[in-house]
Protein chains: 2
Amino acid sequence: MSEIFLQQFHTFGDVVRYTNFSKQETMAKLGLPEDVTHELVSRDVSVGYYALVEFANAVPTPDFFTEECRWWDIDQIPALLFDHNDMIKLALKTLRRQLSYQPIGYNLLPDKFTMPDLQQLYETILGQLLDRRNFQKRMLGYDILERLEERKTGGAHKAPYLYRFDKEKYEKALADEILFVG
Amino acid sequence: MSEIFLQQFHTFGDVVRYTNFSKQETMAKLGLPEDVTHELVSRDVSVGYYALVEFANAVPTPDFFTEECRWWDIDQIPALLFDHNDMIKLALKTLRRQLSYQPIGYNLLPDKFTMPDLQQLYETILGQLLDRRNFQKRMLGYDILERLEERKTGGAHKAPYLYRFDKEKYEKALADEILFVG
DNA sequence: CCAAAAGTGTTCTCCGTACACCCATGT
DNA sequence: ACATGGGTGTACGGAGAACACTTTTGG
């Protein structure tokens, strides 16, 4: 996958990073010997990024230490090792904040999409329903969408217009708001 | 110094991080041999934090690799090694954004201070002048300031009121807004 | 008395929110 | 015909920005 929306959100570096499981449990789960001197001589630092991807296209594969690696519904994530649940919580919080003053969706929607499509994406990320009329006004207000003459036919009801991101304006809007892409 | 306002803002981890000086120049300035394989086998990661301190109380001391370590006016910082100028730029940008929706000043002002004192702090950080009346309304709107009966006398003009941060409300306001302190 | 700084209130605009009606389409 | 979803416009309220007059104080 290329051209992924990837956003650094925080670096985690606490000396003690066990939230759900004790160090003993953690080491046992990892199949590692418990190194009692570890915290005294070293520190693990994790740089957190979140990405927006069409999840059906991204196939998670476990690494050597990983028992299982797959997609989860955000509300059903089980207790993870270390502070990884905190990481996810913070990623979502940051993404939601970013979404509130930032257009998002370029890499998540097909080239042409309808306003309801975009709204559903927002509602999924925010975890709440939005007002159709206000949503549309806000999105159009960003001045990054181009409405096509075409409509999406084949649906069961009134045919909605198709829109396309104006790539240039979209990139510009992102650059103005995002502090750093790296 | 203790109780410092310290905020992580970004982690820098590009493979190539020379902005102002070439690798040759950089290594020469550091008095290090130029290791041509360095970028192939390792990567330097810097976790950036900014702090707000009363700068007169913080005495910078150079470390082994540092030629000079002292305070600079933000507009007069010379060309630094690596991407350190970018780091400073981003720190300021983040701080300014944070300031726009966040009360700040607890560790930077004396226990009792006047509204003009606070405004001057904001103007210094933001690098622009603010309207007295609107500034005051906004600050009071945060509901974290307590106005004392006292006024600051001895000035050349009308005596301004003294204010004090309501520590409890101040902490609460910070906790509500700051995503992560770590 | 006068200059300079500080206290205070009103108006306007913009943005976000709440809300209602009409239109198109497949069943 | 009708249920469902989509297109569109209006009204209200709060926050920020623009802006002026009065009061105090030292010189």
Side-chain angles (χ1 to χ4, degrees), chain A residues 96-105 109-110 112-165 169 173 176-177, chain B residues 96-105 109-110 112-165 169 173 176-177:
Chain A
R96 284 179 173 165
R97 164 169 300 184
Q98 185 176 357
L99 204 65
S100 70
Y101 56 82
Q102 263 282 303
I104 272 179
L109 292 169
K112 300 171 182 179
F113 54 89
T114 68
M115 197 57 79
D117 290 340
L118 185 61
Q119 180 171 348
Q120 176 145 24
L121 173 63
Y122 270 65
E123 289 178 342
T124 301
I125 295 177
L126 293 175
Q128 65 178 27
L129 300 178
L130 303 171
D131 182 275
R132 280 190 306 129
R133 298 153 286 191
N134 296 333
F135 179 79
Q136 172 152 341
K137 254 179 295 179
R138 183 154 64 94
M139 288 302 129
L140 295 180
Y142 287 144
D143 191 33
I144 52 163
L145 290 178
E146 180 189 359
R147 186 165 98 174
L148 309 175
E149 286 309 312
E150 252 175 302
R151 285 162 179 262
K152 180 180 186 176
T153 56
H157 305 290
K158 183 169 181 177
Y161 283 103
L162 286 169
Y163 290 84
R164 185 161 46 191
F165 283 112
K169 290 180 180 172
D176 286 347
E177 269 306 326
Chain B
R96 284 180 172 165
R97 163 169 301 185
Q98 186 176 357
L99 203 65
S100 71
Y101 56 82
Q102 265 281 302
I104 272 179
L109 292 170
K112 300 171 182 180
F113 53 89
T114 68
M115 197 57 77
D117 290 340
L118 185 60
Q119 181 170 348
Q120 177 144 25
L121 173 63
Y122 269 66
E123 290 178 343
T124 300
I125 295 177
L126 293 175
Q128 65 178 26
L129 300 178
L130 302 171
D131 181 275
R132 281 190 306 128
R133 297 153 285 190
N134 296 333
F135 179 80
Q136 172 152 339
K137 254 178 294 179
R138 183 152 66 93
M139 288 302 129
L140 295 180
Y142 287 143
D143 191 32
I144 53 163
L145 290 178
E146 180 190 359
R147 186 165 96 172
L148 309 175
E149 286 308 315
E150 252 176 300
R151 286 163 178 261
K152 180 180 187 176
T153 56
H157 306 288
K158 182 168 182 175
Y161 283 102
L162 286 168
Y163 291 83
R164 185 160 47 191
F165 283 111
K169 290 179 179 172
D176 286 348
E177 268 306 326

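Within every chain, numbering begins at 1; the chains are lettered A, B, ... in the order of the sequence lines, protein sequences first and strands thereafter.
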Least distance between heavy atoms, Pro103(A) atom then Tyr142(A) atom: CB-CD1, 3.9 Å
Taking every non-hydrogen atom, the tightest pair across Arg164(B) and Leu148(B): NH2-CD2, 3.5 Å
Nearest-nucleotide comparison on DNA chain C, the residue closer to the 5′ end among His157(A) and Arg138(A): Arg138(A)
Of Gln136(B) and Lys137(A), the one whose closest DNA chain C nucleotide lies more 5': Gln136(B)
Greater than 12 external heavy atoms within 6.0 Å of Gln119(A)'s CD: yes
Closest contact, heavy atoms only, Asp143(A) versus Lys169(A): O-CD, 3.2 Å
Between P of dT8(D) and CZ of Phe135(A), the distance in whole Å: 15 Å
Polar side-chain atom of Arg151(B) near backbone of Ala159(B) as donor-acceptor pair, under 3.5 Å: yes
Out of dT24(D), dT8(D), dA18(D), whichever nucleotide has its closest atom nearest the side chain of Arg132(A): dT8(D)
Integer-rounded Å distance: dA20(D) P and Asp131(B) CG: 11 Å
d(CZ, Arg151(B); P, dT23(D)) in whole Å: 13 Å
Distance in angstrom units between Asn134(A) CG and dG9(D) C1', rounded: 11 Å
Touch class at under 4.0 angstrom, heavy-atom based, for Gly141(B) against every strand present: nothing
Spacing between Gln119(B) atom CD and dA17(D) atom P, to the nearest angstrom: 13 Å
Rounded interatomic separation in angstrom, taking NZ from Lys158(B) and C1' from dC21(D): 11 Å
Closest non-hydrogen atom pair between Phe165(B) and Ile104(B), with its separation: CZ-O, 4.2 Å
Expected output: side-chain Glu123(A) to main-chain Leu130(A) donor-acceptor under 3.5 Å: yes
Along DNA chain C, first and last positions that approach a heavy atom of chain B under 4.0 Å: dA4(C) to dT10(C)
Nearest-angstrom distance from the residue atom OH of Tyr101(B) to P of dG16(D): 14 Å
Between dG16(D) (P) and Leu126(B) (CG): distance, integer Å: 14 Å
Nearest-neighbour nucleotide for the Arg133(B) side chain, dT8(D), dG6(D), dA20(D) considered: dA20(D)
